[in-house]
Amino acid sequence: MGKLLLKLLRDLKEFKGQFISITLVIAVGAFFFAGFSTFSKNLSEYSSKYYEDSNLTDLWVYFDSISPEDINIFRQIDEIKNIEGRYVLDVNQKFDEVTTTLKLHSIPENNKINKIQIIGGGRPTNFQSIVIDTDYAKEHNFSIGDEIEISTPFNDILLKISGFGESSEYTIKSRDTSDFPPNHKEYGIAYVSESTMAYITGNNNYNEVLIDVDDPTDAELVESKIIETSEQTNFLYTLKRDLNLSYKQFTGEIKQQEELAKILPLIFFLVAAVITFLTVSRLVDSQRTQIGIMKALGNNNLKIISHYLGYAMITGLVGGIIGSVLGSIFLPEIFMDQVRAIVSLPGFRINIYYENIVLASLFSVFFGVISSYLSCKKILKESASSGMRAKPPKEVRSTSLEKNTKLWEKLSYGNKLILRNILLNKKRAIYSSLGIVCCVSLLILSFGYLDSRELLIDKQYNEVHQYDLKVVYNTPIEDRNNLGIPINSLYYNTLAETNVVITNIDEVVDSNLIITSKENNFINNYDYNGTLLPLDNQGVIIAERFAKNYNLSKGDTLSLKLIGSEYKGRTIDVKISNISVQYINQEIFATPELLTKLGVNFPPSTLLIKAQDSMDIDNIYNTFNTMNNVKEVKSIDEVQKITESGLQNLFNMIVVLIICAVVLSSAAIYNISIINITERIRELATLKVLGYHRNKINKLIFIENILITIFGIVVGIPTGIVLYISIIKRFTLDNMVFPIILSLDSILFPIIITISVTILCTLSLRRTVKNINMIESLKSIE
Amino acid sequence: MNKNLIRFESVAKEYTLGEIPIKALVDVNFNIDEGEFVVIVGTSGAGKSTILNILGGMDTATSGKVVVEDKDITKFNEKELTNYRGEKVGFVFQFYNLIPNLTALENVEFSVEVSKNHLNPRDILERVGLIDRINNFPSQLSGGEQQRVAIARAIAKNPQLLLCDEPTGALDYNTGKSVLKLLEDINKETQKTIVLITHNLAIAPMADKVIKVKSGTIESITINKTKKSIEEIDW
Ligand SMILES: Nc1ncnc2c1ncn2[C@@H]1O[C@H](COP(=O)(O)OP(=O)(O)OP(=O)(O)O)[C@@H](O)[C@H]1O
Ligand SMILES: [Mg+2]
């Protein structure tokens, strides 16, 4: 065995280019495998621990108002472990340039459910002290001890920051589904003591009750019991944990990562396996005689097989370990930077899981061993003596192309040679092009994703939303003419927004109802063909994803429960009159006329503004922002920027993907060419002897590679499109859908890149061709 | 007296394997005239192939001059050597070295692409007696037939010089003999200079000149006043 090991090492040295490139492809596969699994495992382990430690509530129960004594009736329900009441309301803070919203919670002294994690400072135990979330604090440069003034619907109050905190309830701090990715500058989470809250509201009452259930699977049962028990109270609705906005978004994100962790590494492992198969096949073929000798010398099959499996073991182990270690360290790091911008994960640190490294290495070895076993098992069937005889010449036939004699005659002998080579080794040519197919597919996916992203932003901010500013007033607008709107410099439309809960579908889902007139052309609904869908007075328009999720179609009826104390839990039934694509958000649109018909009145409280001259936008912004009755002013450009930065995460990943695709195709082309050259070294040496110039020989190799590349591209384009569509579909978040669109560029760039890689690889092979030694290659028949 | 075609002047060839230089050729001198049939004989490892390879422009001498048609080919760069191989030299090897994916005819046609004043490939194949097999691939031909294709390939370029390194080494007695006959005929008909390496001293009488090589030097050069036809030789 010692001598065989020596031979193995010598072979590795002789074919080092090939083994290095195989190792590289395996490393890339292991990189993705370990990187993705480490990342998603980190996220899911962290999140389940976070949710458990902070005791995230199983059920939210919303009331108009309930006294601390009245919540005790729920304690009779057996399955409940703990309950906690709190009062939650939106308050505002005014800055020079923006007015922000804080979601203010009361928090009991003895906080047991949705426990907040204090990052700095202390809990808001003192009267008139406040804890704010770290992202909001960072955006506004607050430090502990600062006094902030907030305005509530009841009064304005001065509060002292006692500390910063985070809650597992708000891993993603979005105001509602329309606010994604979260805007930490304009929206924050805050906590005050029960006494401070009582001071603000003027009483001790709660409007939310958190329910901690013994066994989470009982949540449904408890929910129905609560609904029964709370008949007498002014109960509004309940929300289970998996419908909580931030919980839903965050766990959805983790799922996505897990999906990717399954698909991408597989592609790389497969290509590595194919290249290994070809390389080891070639090695075994070229060492037929040696194998025969080994057998004649009495080595048994097992020994010989394990010798050849050794190559796969070594490349698999080296590539697997290097790739998975690098992947575990760097890939989560690359992703986390951007995840942190969206998700607040206090104390999150990336753990390296050794089992992922082990698993990735095992996979790498496994794929290699299987493929090299397949490539050397045939030789073991032969007897020692037949192995030592020269290989019977491969039968050469006229290829089908030659039947088309006219065309065939026109080809030069060099081209005939190439075509026969490819057509006679169809299987090999197909394997060879596999690397190219994967490369093209990955590149199309990458560029296609960039297209989707661009189109998403373009559609959302140039077609769907055509206003410059959104102004929200504190109170419904009674008389527009009294608002002091500078009507000479702008156009405006009005709308009202309210939260509703949809009660007649599979789950209780909350949504945003937007009430605006048919004539409002600042918010537009489109179908997939880009046809404008106008509002009508007969029914509402809902989002396509929403409709699909809950199996709704045009003409169905939705029961909307109105949230807001003035409606006393009233439910209205509306017909769905249209379904629109909503790239970001999932909203329900209705006209004021429709609601009036149903007996509800929603006075608008929001203005959508379009400047007559876009130079004026800043002025107009300032005019509104300084008005006292204005709650907030949002500029669409700002919203667009936040959306773009939220999508940055995927962008980084695309860059990594492009690099890996290029590595993959270079390794594949390089390796296949080397195999091709060594396999045909006699032929090439003969060409040299015959007086063929090196350039001509290089050209032959080049044309052959280009043909294989073109074949790979032709197959890769449709494959890539399928891959792109299926991955983009998986990427669809709850509040974001990527439009599927491929521009010509996204097809052209992959083609150009792939062909360039082929050209570069072929150029790097010039030296190999130059070094072909005529005399040595022609000396004997191996 | 024929014109001189080839002159080897103190040609030496050294291979360096690691530290130890191996002297394949030490001080080789000989002349070959146009139209001569030359046989090189010698024991294994004597340096016969090295001489032929240097003469054919496949290898370069370490020192000395190799003059072909008054040009010193040791001074040629790679491109000139390639042209030299393409235009002036035809090779025939022990193991034929045909291109497996090309038919007999295509093999010949392919090789004449690099030569300007080449002959008609079909005629040549007819001359070597393979006109019926021109569309066969090498794997469909016997060894002797393959060697005939190789010879056709070499002479179709219409080279000055035909170099054959043990062309019958892999063939049986009769087939080998017929291949030698073919070479002899070609030499007679076209007056092409042929240099042939063999282990087989018995065929020396068919040559105009016999060069004996031993341990990297020329042991003797014999000129046959009366050469025998290969048909008269038995071994
Ligand atoms: N590439 C090489 N590296 C080192 N030594 C070499 C190389 N090629 C040939 N030699 C040496 O040069 C000497 C001459 O070799 P050459 O091939 O010319 O012999 P030959 O006379 O053709 O023998 P044979 O009849 O066996 O073919 C031999 O000793 C051989 O070992
Ligand atoms: Mg020899």
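Predicted, not measured: the structure shown is a model, and the values here were computed from it. Below, chains carry the letters A, B, ... as their sequence lines are ordered, and counting in each starts from 1.
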Open item on the list: Would you say that B/Glu78 contacts A/His693 through its side chain, given a criterion of any heavy-atom pair below 4.5 Å between the two side chains?
Closed with: no
Open item on the list: Nearest 0.5 angstrom please: A/Asn773 CG to B/Met58 CE, how far?
Closed with: 8.0 Å
Task: Neighbour count above 12 (heavy atom, 6.0 Å) for B/Lys13 NZ - done: yes
- [ ] Measure the NZ-OG1 distance between A/Lys696 and B/Thr82 for me, rounded to the nearest 0.5 Å.
- [x] 12.0 Å
- [ ] Assess whether side chain to side chain contact (heavy atoms under 4.5 Å, CB included) is satisfied between B/Phe91 and A/Leu690, documenting all intermediate values.
- [x] CA-CA 8 Å; B/Phe91 284 97; A/Leu690 287 178; over 6 Å; no
Open item on the list: Quick check on B/Asn77: does its CG atom have over 12 non-hydrogen neighbours (other residues, nucleotides or ligands) under 6.0 Å away?
Closed with: yes
TODO: State the CD1-CZ distance between B/Ile99 and A/Arg682, to the nearest 0.5 angstrom.
DONE: 11.5 Å
Open item on the list: Measuring from atom CG of B/Asn97 to atom CD of A/Glu683, what distance do you get when rounded to the nearest 0.5 angstrom?
Closed with: 10.5 Å
Open item on the list: Report which part of B/Asn53 has an atom under 4.5 Å of a heavy atom belonging to chain A: side chain, backbone, both, or neither.
Closed with: side chain
Task: Check: A/Thr686 and B/Phe93 side chains under 4.5 Å, non-hydrogen atoms - done: no
TODO: Measure from the side-chain N and O atoms of B/Arg85 to the backbone N and O of A/Lys688, and report whether any donor-acceptor pair falls under 3.5 Å.
DONE: yes
Open item on the list: With a 4.5 angstrom heavy-atom cut-off, is it the side chain or the backbone of B/Lys88 that approaches chain A, or both, or neither?
Closed with: neither
Task: Closest heavy-atom pair and its distance - A/Tyr692, B/Phe110 - done: OH-O, 2.7 Å
